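See structure below.
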Amino acid sequence: MFTWPISIYYEDTDAGGVVYHSNYLNFFERARTEWLKSMGVVQSTLLADDIAFVVKHAELDFRIAARFEQNLFVESKVIELKKASLVFKQRLLDDNGDCYCEGTIIVACIALSRMRPRAIPLNIVQEFNRAS
């Protein structure tokens, strides 16, 4: 499991100070990216090696409206790891454990030049297995 802090900025919200629905996907994406970085995975190196991770499917459940100037965190865990894809369960939480949004995100590993599935590099698989 991995956690990453998220501060809600004015740019994340609508005119009423409520987080715009698509920004929850951005928060979840940032957390996954930071998780990779914490493992020593440099995405620009992956791209240079023709490897990319792309979102194949996203399902969100909005529970509580997050608002301007809140400090929350994203909790991420891998719930399924296959040869060329990962399934993440991600939640946006406050310090009391209240869940604002929960998502299941399927991420595929692809050969970028061909836009076709490819095996997730072994070092990344090992890191996610260690974190589980």
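Quick caveat: nothing in here was measured; it's all calculated off a predicted structure.
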To the nearest 0.5 Å, what is the distance between [atom1] ([X]) and [atom2] ([Y])?
X	Y	atom1	atom2	result
L47	S113	CG	OG	11.5 Å
D12	S22	CG	OG	9.5 Å
L93	I64	CG	CD1	9.5 Å
Q126	I120	CD	CD1	12.5 Å
T33	W4	OG1	CH2	10.5 Å
L86	F53	CG	CZ	6.0 Å

Does I110 form a side chain to side chain contact (heavy atoms under 4.5 Å, CB included) with L112? I'd like the steps, not just the answer. CA-CA 6 Å; I110 64 167; L112 189 57; 4.1 Å; yes
Check this for me: does any side-chain nitrogen of one of E34 and R32 sit under 4.0 Å from a carboxylate oxygen of the other? no
Using the ring of each side chain (for Trp, its six-membered ring), is F88 parallel, tilted or perpendicular to F128, with breaks at 30° and 60°? perpendicular
Give the C-alpha distance, both sets of side-chain angles, the deciding distance and a yes or no for side chain to side chain contact (heavy atoms under 4.5 Å, CB included) between V78 and V87. CA-CA 6 Å; V78 174; V87 180; over 6 Å; no
Check whether the side chains of Q90 and S76 place a donor and an acceptor atom closer than 3.5 Å, and report yes or no. yes
Y9 and E69: side chain donor to acceptor below 3.5 Å: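 Y9 vs E69: no donor-acceptor pair found between side chains.
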Heavy atoms, side chains only, cut-off 4.5 Å: are [X] and [Y] in contact?
X	Y	result
P121	C109	yes
V41	W35	no
E127	N123	no
R91	Y100	no

Treating T13 as the side-chain partner and Y10 as the backbone partner, does any N or O pair qualify as donor plus acceptor under 3.5 Å? yes
With a 4.5 Å cut-off on side-chain heavy-atom distances among I, L, V, M, F, W and Y, is there a chain of contacts connecting [X] to [Y]?
X	Y	result
I106	I79	yes
V107	L60	yes
I105	L81	yes

Take E75 and K77 through the test salt bridge (charged side-chain N to carboxylate O under 4.0 Å, His left out) and record every step on the way to the result. CA-CA 7 Å; E75 176 186 270; K77 62 182 173 180; 5.6 Å; no
Determine the minimum heavy-atom distance between T104 and K89, stating which atoms define it.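 It is OG1-NZ, 2.8 Å.
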What are the two closest heavy atoms between S38 and F2, and how far apart are they?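 Taking every non-hydrogen atom into account, OG-CE1, 3.6 Å.
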For L46 and D49, run side chain to side chain contact (heavy atoms under 4.5 Å, CB included): C-alpha distance rounded to whole Å, both residues' side-chain angles, the deciding distance at 0.1 Å, then the answer. CA-CA 5 Å; L46 291 176; D49 291 337; 5.6 Å; no
With F28 as reference, evaluate V74, V55, I6 under the side chain to side chain contact (heavy atoms under 4.5 Å, CB included) test and give the passing residue. V74
Could you go step by step and tell me if D94 and F73 meet the side chain to side chain contact (heavy atoms under 4.5 Å, CB included) rule? CA-CA 6 Å; D94 65 17; F73 64 94; 6.0 Å; no
Residues that F62 engages under ring-ring contact (aromatic ring centres under 6.0 Å, His included), provided they are two or more places apart: Y24
